[in-house]
Amino acid sequence: MTLHTHFSDRAPLRILAIFAVLILAGACTPPVTFQVQRPAKVPVQEQIDHLAIGSFRLASGDIPVPDATSGGFSFSSGAKKGLSPSISGFRSEERFSGGEEILELVRAAVVHQLSLNAPYGLINTSGKAEGFTGSIPDEARVGILEATIRFSENRFESNEPNNFLAMIQNKGVSLEQQLLATAGSVAVESAGAGKELPVPYVEHLAALEVQFRLIRKSNGEELAVSEPLLTYYARKWGGRNDTSHLPGKAVLAIQQGFQQDEASSSGLSSGVNRAQLAISDPAEYLSRGYHLKQHSRVALSALAIRTRMVNQVAQRYVQQISPSEEATTLEVLDGDAAAATLIRGNAYEEAIARIQGLGSKSAEDWYNLGLAYEATGQRNLARGAYEEALAKDSGNSMFEDALQRLR
C-alpha cells in the first residue's frame with residue numbers, strides 16, 4: 001500500500017494540533033464504566049429456589065417528607081417562596097384513580113429487575129392465585145413476595161408573575177461588556193424590577209413508599225426483613241426558579257437526594273454517550289427515555305415520572321435479595337499495558353490471566369487485577385488484590401477507596 005502525503009502551508013499547524021491531541025490523550029487516563037457484579041445483601045438464595053409474586057396492595061397514610069435539616073444538604077442559597085395552594089407533605093389514599101396503575105407499575109418493575117440477574121425461578125409474575133401453571137416446586141423452597149404501597153402526587157399547571165427586563169444587544173460591544181450587561185439584567189429581574197408578565201409553569205411533586213415482605217410459601221415464615229423503601233420527585237418546568245408549592249428545603253432535599261442523575265444528565269445528552277449507553281446497558285437506555293425525542297424544558301408526563309420512581313424502588317429492593325450488576329465508573333491505571341487494554345475492553349478474564357502471569361507486579365498491576373476481579377463478582381479476590389496494591393503504595397487514596405467500596 002502506498003501512502004501519499006501532501007503538505008500545504010498550514011500542514012505544520014495541523015501536525016502540531018494532532019500531536020497536542022495525542023499528548024493530551026496520553027496524559028490523562030479516561031475512566032471506564034464497569035458492569036460490576038454485587039452480591040445480595042440478604043442471603044435469601046440459600047433458603048429458596050423459586051420466587052412468586054404475591055399480593056401488592058395500596059394503603060392509606062402519610063409518607064414522610066425528606067428531612068431537610070440532615071443529609072449534609074446546604075440550603076443557605078436555595079430558599080424558595082411558597083405558591084398557592086401550598087402542600088406541607090404527602091398523603092396516600094387507598095382508593096384513587098391511578099391506584100391500579102401504580103400497583104401494576106411496581107409489580108412489573110420488580111419482575112423486570114428479577115428477570116435480569118436474579119437466580120430464582122419465577123413461577124408466577126401476575127400476583128393472582130390462578131397465575132400458577134404446570135408443575136409446582138417444593139413449597140418450602142418457594143418464596144412469595146408481597147408489597148404494601150403508598151403513593152402520593154401533586155401536579156400543578158398554572159401561571160405566575162415574573163419580571164423581565166428588555167435589553168437591546170449591541171453586537172459591536174466586547175464579549176466582556178455583553179456578559180456584564182446580561183448579569184446585570186438577571187440581577188435586576190431577581191430584585192423584582194422590570195416588567196411583570198404571567199409565565200406558565202408545570203410542577204410535579206410525588207412520593208412513593210414500598211414495604212416489601214418475602215415469606216416462605218409452605219409456612220408463611222418471613223425470609224427477609226426490609227425497611228420501607230422511599231423515593232421522591234420534585235421538578236418544575238417554566239415559571240420562576242425560586243418558587244414551589246412544597247416547602248423549598250424539602251424540594252432541595254428531594255432533588256439532591258433522589259434526582260442526582262438528572263443533575264448530571266447533561267453529560268449523557270450527547271449522541272456519543274447515548275450510543276455508548278445503548279450498547280452497554282440497553283435497559284438503562286430505555287428507562288431514561290433516550291430512545292424518545294425530548295427536551296429538558298418540556299415537562300415529563302406523569303407516567304414517565306411514575307415509571308422512574310417505581311424503577312428506583314424495585315432496583316434497590318432486588319439488590320437486597322439477589323446478586324445484581326451495577327454500572328460503576330472507575331479509572332484503569334497504566335501498569336501492564338496489555339492488561340490495561342484488556343480491562344478497558346471489558347475482557348476481564350483475559351486481563352486476570354495476563355496479570356497473574358506477570359513475573360513481578362507493580363502496585364498499579366495489583367490494582368488493575370482488583371478491578372478485573374471486582375467486575376466479575378469475585379469480591380474476596382478483589383479485596384486481596386487491592387490490599388497488595390496498598391501494601392506496595394501505602395497511603396494511596398485510590399487504593400484505600402477501592403477497599404472501602406468493597407467493605
Exercise. Taking C-beta and beyond as the side chain, do Y367 and Y386 meet within less than 4.5 Å on heavy atoms?
Worked result: yes
For this session: Measure the CZ-CD distance between R107 and E104 for me, rounded to the nearest 0.5 Å.
Result: 4.5 Å
For this session: Determine whether R155 and I305 make a side-chain contact, defined as any pair of heavy atoms from C-beta on separated by less than 4.5 Å.
Result: yes
For this session: Spell out, as yes or no, whether a donor-acceptor pair under 3.5 Å connects the side chain of E203 to the backbone of S244.
Result: no
Exercise. Any side-chain heavy atom of L300 within less than 4.5 Å of one from Y233?
Worked result: yes
Seminar exercise, completed: Nearest heavy-atom contact between S152 and I63 is N-CD1, 4.0 Å
For this session: Please work out whether the ring planes of F212 and F56 are parallel, tilted or perpendicular, with thresholds of 30° and 60°.
Result: perpendicular
Seminar exercise, completed: Which of I355, I352, N368 passes side chain to side chain contact (heavy atoms under 4.5 Å, CB included) with Y373? It is I352
Exercise. Under the 3.5 angstrom rule, does the side chain of D365 hit a backbone N or O of S362 as a donor-acceptor pair?
Worked result: yes
For this session: Verify side-chain contact (heavy atoms from CB on, under 4.5 Å) between L303 and E101, making sure each step is shown before the conclusion.
Result: CA-CA 9 Å; L303 177 59; E101 180 184 78; 4.0 Å; yes
Exercise. Can you check side-chain contact (heavy atoms from CB on, under 4.5 Å) on F399 and D393, steps first, answer last?
Worked result: CA-CA 8 Å; F399 303 163; D393 186 3; 3.7 Å; yes
Problem set entry | Test side-chain hydrogen bond (donor to acceptor under 3.5 Å, both in side chains) applied to H204 and K236, E153, R306, the passing residue | E153
For this session: Assess the side chains of E209 and S92: does a donor N or O sit below 3.5 Å from an acceptor N or O?
Result: no
For this session: Given side-chain contact (heavy atoms from CB on, under 4.5 Å), test I53 with N124 step by step and report yes or no.
Result: CA-CA 6 Å; I53 303 300; N124 177 24; 5.5 Å; no
Exercise. Does a side-chain heavy-atom distance below 4.5 Å link L214 with Y317?
Worked result: yes
Problem set entry | Approximate separation, where rounding is to 0.5 Å, of E93 CD and F151 CZ | 13.0 Å
Exercise. Heavy atoms, side chains only, cut-off 4.5 Å: are Q312 and R308 in contact?
Worked result: yes
Problem set entry | pair F96-I102: side-chain heavy atoms closer than 4.5 Å | yes
Exercise. Is there a donor in the side chain of N346 and an acceptor in the side chain of Y348, or the other way round, less than 3.5 Å apart?
Worked result: yes
Seminar exercise, completed: Here the pair of heavy atoms bringing S322 nearest to A118 is OG-CA, 3.0 Å
For this session: Give a yes-or-no answer on whether the side chains of E349 and T376 include a donor-acceptor pair shorter than 3.5 Å.
Result: no
Exercise. Does atom CG of N241 have more than 12 heavy-atom neighbours, drawn from other residues, nucleotides or ligands, at distances under 6.0 Å?
Worked result: no
For this session: Might you point out which heavy atoms bring Q259 and R235 nearest each other, and give the distance in Å?
Result: NE2-CB, 4.4 Å
Problem set entry | Between R383 and N380: side-chain donor-acceptor atoms closer than 3.5 Å | yes
Seminar exercise, completed: Separation between CG (D62) and CZ (F90), nearest 0.5 Å, reads 11.5 Å
Seminar exercise, completed: In this structure, CD of Q113 is separated from CG of N311 (nearest 0.5 Å) by 6.5 Å
Problem set entry | Close side-chain approach of E400 to L390, heavy-atom, < 4.5 Å | yes
Exercise. What residue among I144, I123, I321 forms side chain to side chain contact (heavy atoms under 4.5 Å, CB included) with L51?
Worked result: I321
Seminar exercise, completed: Taking every heavy atom of L103 against every heavy atom of L58, the minimum-distance pair comes out as CD2-N, 3.8 Å
Please tabulate, one pair per line, all N/O donor-acceptor pairs under 3.5 Å involving side-chain atoms of residues 221-230, not counting sequence neighbours.
residue: E221; atom: OE1; partner: R216; partner atom: NE; Å: 3.0
residue: E221; atom: OE1; partner: R216; partner atom: NH2; Å: 3.4
residue: E222; atom: OE2; partner: R213; partner atom: NE; Å: 3.3

For this session: Work out which heavy atom in S60 is nearest to a heavy atom in R150; give both atom names and the distance.
Result: O-NE, 3.0 Å
Exercise. NE2/H245 to OG/S86 distance, rounded to the nearest 0.5 angstrom?
Worked result: 9.0 Å
For this session: Report the C-alpha separation of K217 and H50 in whole Å, then their side-chain angles, then the decisive distance to 0.1 Å, and conclude whether the side-chain contact (heavy atoms from CB on, under 4.5 Å) test is met.
Result: CA-CA 10 Å; K217 181 174 173 59; H50 297 80; over 6 Å; no
Problem set entry | Check: E364 and D334 side chains under 4.5 Å, non-hydrogen atoms | no
For this session: Measure the spacing between OG1 of T231 and CZ of R316 and express it to the nearest 0.5 Å.
Result: 6.0 Å
For this session: Of all the heavy-atom pairs spanning G143 and I48, show the shortest one and how long it is.
Result: N-CG2, 3.9 Å
